[in-house]
Amino acid sequence: MSSGSSSANLVAVAESRRFMIDCFKAVNVPEEHAVAQAELLVAADYRGHFSHGMNRLEMYINDLAINSTDGAAEPKILKETPSTAWVDGLNGLGAVVGNFCMDLAIKKAKNVGVGWVCAKGSNHYGMAGWYAMRAMEQGLVGMSMTNTSPLMAPTGAKEAALGTNPLSLGAPAANGDKFLLDMATTAVAVGKIEIQRRKGAPLPDGWAQDPEGNVTNDAELGFNTACLMPLGGSELTSGYKGFGLGAMVDILSGVMSGAKYSTQVRKWTHAGANSAADLGQVFIAVDPNCFAPDFEERMSDFNSRLRGVTPTDPSKPVLLAGDKEGNNMKAVDAAGGIQYLENQLKTCASLADRLKIKPLAFI
């Protein structure tokens with residue numbers, strides 16, 4: 001694949017989506033499921049979360065190619081009440097399972113005020129905020145959490161026993177404003193280590209450990225050791241709080257759903273995995289109108305108060321959760337496309353050749 005006429009290697013959002021759909025269809029994923037997974041991934045890249053976008057594509061394709069993920073699987077409800085549901089993802093694609101579960105939670109929240117859905121038998125479901133956004137679009141407060149392959153070293157340990165275990169919360173405000181939190185409970189998501197590695201750049205302090213449990217700035221060593229530090233870093237800087245949050249996520253997603261949890265979860269690499277992930281996930285939707293009136297107006301006031309505090313640097317106003325992503329989307333729109341790293345584009349070229357599909361086209 002050549003770099004075309006653009007030295008910036010810009011890829012239109014629609015073209016990124018097309019390429020990923022074609023990749024999934026090439027490994028026999030049904031069109032509807034291919035679209036669901038591709039829209040999730042391109043949404044991450046559009047928002048600047050490159051770690052959870054096309055960076056993950058090769059891993060999904062490899063899992064599908066060796067049948068450790070079932071691209072055609074449809075989730076199944078195992079147990080249900082008016083406000084809850086237990087779902088088996090049947091080893092389907094994460095976006096397919098996640099969309100099904102959050103849509104079910106939304107339906108329940110509209111009927112009885114709260115919807116709480118746990119899923120087992122799922123796979124990597126991309127950025128957690130995607131599912132909170134689905135609830136926000138319906139005027140609801142949305143939350144989602146998932147466990148992942150072990151990557152977090154508990155405070156004081158030199159081996160991983162929890163995943164990055166992200167959590168998200170989305171709350172709508174008036175006039176299209178919002179609060180959208182999406183965070184790993186490790187210091188960073190493992191994808192951020194991968195991006196530093198692709199760049200050939202060092203890791204900041206407090207991100208990852210070496211095999212002896214010491215902090216490392218070496219992206220290659222940090223990636224290969226696969227032992228991230230909890231949110232907060234070392235015990236001295238309150239890393240035990242991130243450890244506690246990660247455990248909370250695994251209890252609500254892995255333990256409660258009957259999925260794998262902690263060190264039961266398989267390891268996952270770019271080559272794929274030879275066993276099912278059986279990840280646990282939770283999806284929560286809440287109708288704020290069941291409580292105090294004027295929720296969206298109050299949220300707007302809340303957001304304004306936080307954004308309005310005096311910044312330490314006048315040129316850098318305070319940003320709320322979701323503001324940075326909004327700025328990234330505006331930048332992509334202004335540029336006309338997404339700028340991917342050169343190493344990512346090489347991976348895409350290799351995938352196109354391997355899957356015999358049309359390669360990415362540049363603007």
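Below, each value reflects all heavy atoms present in this structure, side chains not excepted, and no hydrogens, waters or symmetry copies.
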Across all chains, not counting sequence neighbours, the side chain to side chain contact (heavy atoms under 4.5 Å, CB included) partners of Met248 are Met145, Leu167, Leu245, Leu252
Is there a donor-acceptor pair under 3.5 Å between the side chain of Asn328 and the backbone N or O of Arg47?
yes
Could you tell me whether the side chain of Thr237 reaches within less than 4.5 Å of the side chain of Ser234, counting heavy atoms only?
yes
For residues 349-360, which side-chain donor-acceptor pairs fall under 3.5 Å, sequence neighbours excluded?
from, atom 1, to, atom 2, distance (Å)
Arg354, NH1, Asn62, OD1, 2.8
Arg354, NH2, Asn62, OD1, 2.8
Lys356, NZ, Asp353, O, 3.2

Side-chain heavy-atom pair Thr185, Pro230 within 4.5 angstrom cut-off
no
Could you grab the distance from atom CE of Met152 to atom CZ of Phe243, nearest 0.5 Å is fine?
8.0 Å
Taking the side chain from Thr216 and the backbone from Asp218, do they hold a donor-acceptor pair closer than 3.5 Å?
yes
Nearest heavy atoms of Ala36 and Ala95, plus distance in Å
O-CB, 3.7 Å
First locate atom CD1 of Ile106, then atom CZ of Arg134, and finally report the distance between them rounded to the nearest 0.5 Å.
6.5 Å
Work out which heavy atom in Ala161 is nearest to a heavy atom in Ser262; give both atom names and the distance.
O-OG, 2.7 Å
Pairs meeting criterion ring pair (Phe, Tyr, Trp, His ring centres under 6.0 Å) with involvement of residues 126-172, two or more places apart:
Tyr125-Tyr131, Tyr131-Phe283
Separation of Cys227 SG from Leu221 CG (nearest 0.5 Å):
11.0 Å
Closest contact, heavy atoms only, Gly139 versus Pro288:
O-CD, 3.6 Å
Quick one: do Val188 and Ile193 satisfy side chain to side chain contact (heavy atoms under 4.5 Å, CB included)? Show the steps, please.
CA-CA 8 Å; Val188 289; Ile193 307 285; 4.1 Å; yes
Ignoring hydrogens and angles, tell me if any N or O in the side chain of Thr186 forms a donor-acceptor pair with the backbone of Leu231 under 3.5 Å.
no
Should Met54 and Val35 be counted in the same cluster of Ile, Leu, Val, Met, Phe, Trp and Tyr side chains packed under 4.5 Å apart?
no
Is there a path of hydrophobic side-chain contacts, each under 4.5 Å between heavy atoms of I/L/V/M/F/W/Y residues, joining Leu162 to Trp207?
no
Could you tell me which non-hydrogen atom of Leu90 sits nearest to which non-hydrogen atom of Asp70, and how far apart they are?
O-CB, 4.3 Å
Distance-only donor-acceptor check, side chains Gln281 and Ser122, under 3.5 Å:
yes
Can you check whether Val282's main-chain N or O pairs, donor with acceptor, with Ser253's side chain at less than 3.5 Å?
no
Nearest heavy-atom pair of Ala128 and Asp182: which atoms, and what distance?
N-OD2, 3.4 Å
Short N-O contact, Asp103 and Lys107, less than 4.0 angstrom
no
Tell me which donor-acceptor pairs under 3.5 Å the side chains of residues 71-80 have, and how far apart each pair is, sequence neighbours excluded?
from, atom 1, to, atom 2, distance (Å)
Glu74, OE2, His33, NE2, 3.1
Glu80, OE2, Lys108, NZ, 2.9

Stepwise side chain to side chain contact (heavy atoms under 4.5 Å, CB included) check, Tyr340 with Asn9:
CA-CA 7 Å; Tyr340 289 103; Asn9 290 331; over 6 Å; no
Does Glu194 reach the side chain of Arg56, with side-chain heavy atoms less than 4.5 Å apart?
yes
If you count every heavy atom of other residues, nucleotides or ligands that lies below 6.0 Å from Tyr261 atom OH, does the total exceed 12?
no
Min side-chain heavy-atom separation Thr146-Asn165 under 4.5 Å
no
Listing request: all salt bridge (charged side-chain N to carboxylate O under 4.0 Å, His left out) pairs with a residue in residues 241-257, at least two apart in sequence or in separate chains.
none
Heavy atoms, side chains only, cut-off 4.5 Å: are Pro150 and Val265 in contact?
yes
Does a side-chain heavy-atom distance below 4.5 Å link His124 with His52?
yes
Glu297 atom CD, neighbour heavy-atom count above 12 within 6.0 Å
yes
Transitive ILVMFWY side-chain link Leu64 to Trp268, under 4.5 Å
yes
Salt bridge Arg18-Glu15, side-chain N to carboxylate O under 4.0 Å
yes
Between CE on residue Met20 and CD on residue Glu39, distance to nearest 0.5 Å:
10.0 Å
If you look at every heavy atom in Ser257 and Gly280, which pair is closest and at what distance?
OG-CA, 3.6 Å
Mind running side chain to side chain contact (heavy atoms under 4.5 Å, CB included) on Phe362 and Leu10 for me, showing each step along the way?
CA-CA 6 Å; Phe362 300 114; Leu10 285 176; over 6 Å; no
Return all side-chain donor-acceptor pairs below 3.5 angstrom for residues 173-180, not counting sequence neighbours, or 'none' if the list is empty.
from, atom 1, to, atom 2, distance (Å)
Asp177, OD1, Arg307, NH2, 3.0
Asp177, OD2, Asn303, ND2, 3.2
Asp177, OD2, Arg307, NH1, 2.9

Can you tell me how far apart CG (Asp45) and CE (Met329) are? Round to the nearest 0.5 Å.
13.0 Å
Pairwise side-chain contact, Ile338 with Phe50, heavy-atom cut-off 4.5 Å (strictly under)
yes
Between Asn91 and Asp278, does the side chain to side chain donor-acceptor pair (under 3.5 Å) criterion hold? Intermediate values first, please.
CA-CA 7 Å; Asn91 198 32; Asp278 191 13; over 6 Å; no
Check the hydrophobic clustering (I, L, V, M, F, W, Y; side-chain heavy atoms under 4.5 Å; chains of links allowed) and say if Leu140 and Met299 are grouped together.
no
Consider only side-chain N and O atoms of Asp210 and Thr225, and report whether a donor and an acceptor are under 3.5 Å apart.
no
Verify same cluster id: Met229, Ile195 (apolar side-chain graph, 4.5 Å):
no
Taking C-beta and beyond as the side chain, do Asn123 and Leu93 meet within less than 4.5 Å on heavy atoms?
no
Would you compute the distance between atom CH2 of Trp86 and atom CE of Met256 and round it to the nearest 0.5 angstrom?
12.5 Å
Derivation of the side chain to side chain contact (heavy atoms under 4.5 Å, CB included) call for Gln209 and Glu159:
CA-CA 9 Å; Gln209 297 181 180; Glu159 59 186 49; over 6 Å; no
